[in-house]
Amino acid sequence: MPPFLDPTHPQETSVPTSPRILVIGDSYMSAEVFADALDGRVDDVELRTMTPTDAPSWSLDALREYEGDPAEVDAFIDGHEVLVVHGAPITRRVLEQNPSVRMIGCARGGPVNIDLDAAAELGVTVATTPGKNAEAVADLTIGFIITAFRNLRPALQDVDAAAAEGRVIAESAFEGARWFGSELRGARLGLIGLGHVARLVAARALALGMTVTAYDPFVADAVEGVTLAPSLEALLPEIDVLSIHARATAENRHLVGEAQLGLLPEGAVLVNTARESLVDETALLAALRSGRLRAAAMDVCEPDGPWRELVALPQVQLTPHIGGATFETLARGARMVVDRVVEHLEHTEERAS
């Protein structure tokens, strides 16, 4: 990777003059968030915002998880060299019709809203923000584990029901007998994957007194305090919590299915803050209904899977993909993109001089 694209080497320098930069915000990440990060570092910036639509006028076959119409993106571009986006759809047609664009800074770990093949063929640099949401996802993972261990969801539901029914709560400490849970200290956490997020989860879990074992076929050396398991089958029987942090591929769909769930000790907890395709949710539902699993917590779910039946169970937590939804993640992503843009502009100036 050329140094000007290396996300591990941000450069806090400014560029006195720069080509025109187009920032396109959306409903998740506003143009103003980018503008705050750009302020004082680059000049000649134009801000635009995508209009959400369910009926884009151009083909989007090569893209997924985007917002807006590529025709609107095309209309925004007026000789700009650099595009800064989050979810705006950047298609082959957009790039072919706008040869002035030489770089796209995308504030996502995976630029699924950009036709990467077209960008490569046309010589357009694409820079991303890997790990921008890692801290937030790690926090949510630990929160899920605590909530599961302490039976917080059914306890909170009981308070809601008491309010609706006119019952009184918290009259006596004896009420707590209904919600006995467990402490994290001494519990055994198992991680599938030992990338950036998993390592942050491990550090938090170790600080809380948990033991941590991980399985990752692509990692040869464990991090401090973490034991590496030789296989997934060796990991599963020895843990109390399974937390999934693997990348989704065509080959690992339903990586955790009926057979794998059957290897977990009775009363184990499953947490998935990675990708919905990694868990066979039909098998998960059966394991929860049978009582083999104590609880499950997920920030992702298969849209056509049994998520409605899962969320009806009091021991299941299901959130609508909020893992990276923090203000800090937005600001971090914007800063990372701006670092990449500054490096690109400096590199361009060096070649021109």
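Since the structure is predicted, the reported quantities are computational estimates derived from the model, not experimental observations. Positions are given from 1, in the same order as the sequence printed here.
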Review point. Got a salt bridge between Arg185 and Glu183, using NZ or NE/NH1/NH2 to carboxylate O under 4.0 Å?
Key: no
Review point. Does the side chain of Glu72 come within less than 4.5 Å of Arg48's, by heavy atoms?
Key: no
Review point. Can any side-chain N or O of Thr129 pair as donor or acceptor with the backbone N or O of Arg108 at less than 3.5 Å?
Key: yes
Review point. Closest approach of Val94 and Pro70, non-hydrogen atoms and distance?
Key: CG2-O, 3.5 Å
Practice item. Grab the two heavy atoms, one from Gly225 and one from Leu206, that are nearest each other, plus how far apart they are. Key: O-CD2, 3.6 Å
Practice item. Verify the cluster assignment for Val338 and Leu330: are they in a single hydrophobic cluster under the rule of side-chain heavy atoms below 4.5 Å apart? Key: yes
Review point. Do Asp240 and Val269 come close enough that some side-chain heavy atom pair is under 4.5 Å?
Key: no
**Study point:** Non-hydrogen side-chain atoms of Asp299 and Phe144 separated by less than 4.5 Å
**Key:** yes
Review point. Do Phe149 and Leu189 belong together in a cluster built from hydrophobic side chains that touch within less than 4.5 Å?
Key: yes
Point to revise | Polar contact flag, side-chain donor to acceptor under 3.5 angstrom, Thr141-Arg204 | key: no
Practice item. Taking Arg20 for its side chain and Glu46 for its backbone only, find out whether a donor-acceptor pair lies under 3.5 Å. Key: no
Point to revise | Residues which pass side-chain hydrogen bond (donor to acceptor under 3.5 Å, both in side chains) with Thr91, listed by chain and number, not counting sequence neighbours | key: none
Check your understanding: Step by step, would you call Val73 with Met50 a side-chain contact (heavy atoms from CB on, under 4.5 Å)?
Key -> CA-CA 8 Å; Val73 176; Met50 294 303 301; 3.7 Å; yes
Review point. So do the side chains of Thr125 and Arg102 get within less than 4.5 Å of each other, counting heavy atoms only?
Key: no
Review point. Are any side-chain N or O atoms of Gln260 and backbone N or O atoms of Leu236, one a donor and one an acceptor, separated by less than 3.5 Å?
Key: no
**Study point:** Asn272 side chain vs Arg275 backbone, donor-acceptor pair below 3.5 Å
**Key:** yes
Check your understanding: Is there side-chain contact between Leu232 and Leu235, with at least one heavy-atom pair below 4.5 Å?
Key -> yes
Exercise for review: Return yes if some donor-acceptor pair links the side-chain N/O of Arg294 with the main-chain N/O of Val241 below 3.5 Å, else return no.
Suggested key: no
Exercise for review: Work out which heavy atom in Asp26 is nearest to a heavy atom in Tyr28; give both atom names and the distance.
Suggested key: OD1-N, 2.9 Å
Point to revise | Flag for Ser27-Glu67: side-chain donor and acceptor within less than 3.5 Å | key: yes
Check your understanding: Do Arg289 and Glu309 meet the salt-bridge criterion of a basic N to acidic O distance under 4.0 Å?
Key -> no
Review point. If you measure from CG on Leu310 to SG on Cys301, what distance do you get to the nearest 0.5 Å?
Key: 8.5 Å
Check your understanding: Could you give the distance from CG (Leu208) to CD1 (Ile145), rounded to the nearest 0.5 Å?
Key -> 9.0 Å
Review point. Arg153 side chain to Thr147 main-chain N or O, any donor-acceptor pair under 3.5 Å?
Key: no
Practice item. Could you tell me which non-hydrogen atom of Ala248 sits nearest to which non-hydrogen atom of Leu278, and how far apart they are? Key: CA-CD2, 4.1 Å
Review point. Hey, any chance Leu140 and Ile244 share a hydrophobic cluster, counting ILVMFWY side chains that come within less than 4.5 Å of each other, even indirectly?
Key: no
Practice item. Give a yes or no answer on whether the side chain of Arg332 reaches the backbone of Lys132 with a donor-acceptor pair at less than 3.5 Å. Key: yes
Exercise for review: Measure the spacing between CG of Asn151 and CZ of Phe180 and express it to the nearest 0.5 Å.
Suggested key: 11.0 Å
Point to revise | Short N-O contact, Arg167 and Asp158, less than 4.0 angstrom | key: yes
Exercise for review: Taking His80 for its side chain and Asp78 for its backbone only, find out whether a donor-acceptor pair lies under 3.5 Å.
Suggested key: yes
Review point. Is the backbone of His86 close enough, under 3.5 Å, to the side chain of Asn113 for a donor and an acceptor to pair up by distance?
Key: yes
**Study point:** Full working for side-chain contact (heavy atoms from CB on, under 4.5 Å) between Ile142 and Val201
**Key:** CA-CA 7 Å; Ile142 295 297; Val201 171; 4.2 Å; yes
Check your understanding: Measuring from Thr282:OG1 to Leu285:CG, what's the distance to the nearest 0.5 Å?
Key -> 7.0 Å
Review point. Does Thr213 reach the side chain of Glu238, with side-chain heavy atoms less than 4.5 Å apart?
Key: no
Review point. Is it true that Glu96 and Arg92 have a side-chain N and a carboxylate O under 4.0 angstrom from each other?
Key: yes
Exercise for review: Could you tell me the separation between the CD1 atom of Ile239 and the CG atom of Leu263, rounded to the nearest 0.5 Å?
Suggested key: 10.0 Å
Review point. Around Glu224, counting heavy atoms of other residues, nucleotides and ligands shown, do more than 12 lie under 6.0 Å from its CD?
Key: no
Point to revise | Counterpart residues, side-chain hydrogen bond (donor to acceptor under 3.5 Å, both in side chains), relative to Gln97 (two or more places apart) | key: Asp74, Arg93
**Study point:** Connected via hydrophobic side-chain network under 4.5 Å: Leu318 and Leu293
**Key:** yes
Exercise for review: Assess whether side-chain contact (heavy atoms from CB on, under 4.5 Å) is satisfied between Val124 and Ile90, documenting all intermediate values.
Suggested key: CA-CA 11 Å; Val124 178; Ile90 311 298; over 6 Å; no
Review point. Are Val337 and Met29 close enough that some pair of their side-chain heavy atoms sits under 4.5 Å apart?
Key: no
Practice item. Treating Ile, Leu, Val, Met, Phe, Trp and Tyr as nodes and any side-chain heavy-atom pair under 4.5 angstrom as an edge, say whether Leu313 and Leu284 lie in one connected cluster. Key: yes
Review point. Quick one: do the Glu81 and His344 side chains pair a donor with an acceptor below 3.5 Å?
Key: yes
Revision key, fill the gap. Smallest heavy-atom separation, Ala88 atom then Ile24 atom, equals CB-CG2, 3.9 Å
Check your understanding: Is the side chain of Glu281 donor-acceptor paired with the backbone N or O of Glu302 at a distance under 3.5 Å, no angle test?
Key -> yes
Check your understanding: Between Asp69 and Ser57, does any side-chain donor sit less than 3.5 Å from a side-chain acceptor?
Key -> yes
**Study point:** Heavy-atom pair of closest approach, residues Asn133 and Gly324
**Key:** CB-CA, 3.7 Å
Check your understanding: How many angstroms lie between CD in Glu276 and NE2 in His254, if you round to the nearest 0.5 Å?
Key -> 9.5 Å
Exercise for review: Test side-chain contact (heavy atoms from CB on, under 4.5 Å) on Leu288 and Gln315 and set out the steps.
Suggested key: CA-CA 8 Å; Leu288 288 163; Gln315 69 269 42; 4.1 Å; yes
Point to revise | Asp221 atom CG, over 12 foreign heavy atoms within 6.0 Å | key: no
Point to revise | Validation row: Pro130, His196 side chains within 4.5 angstrom (heavy atoms) | key: no
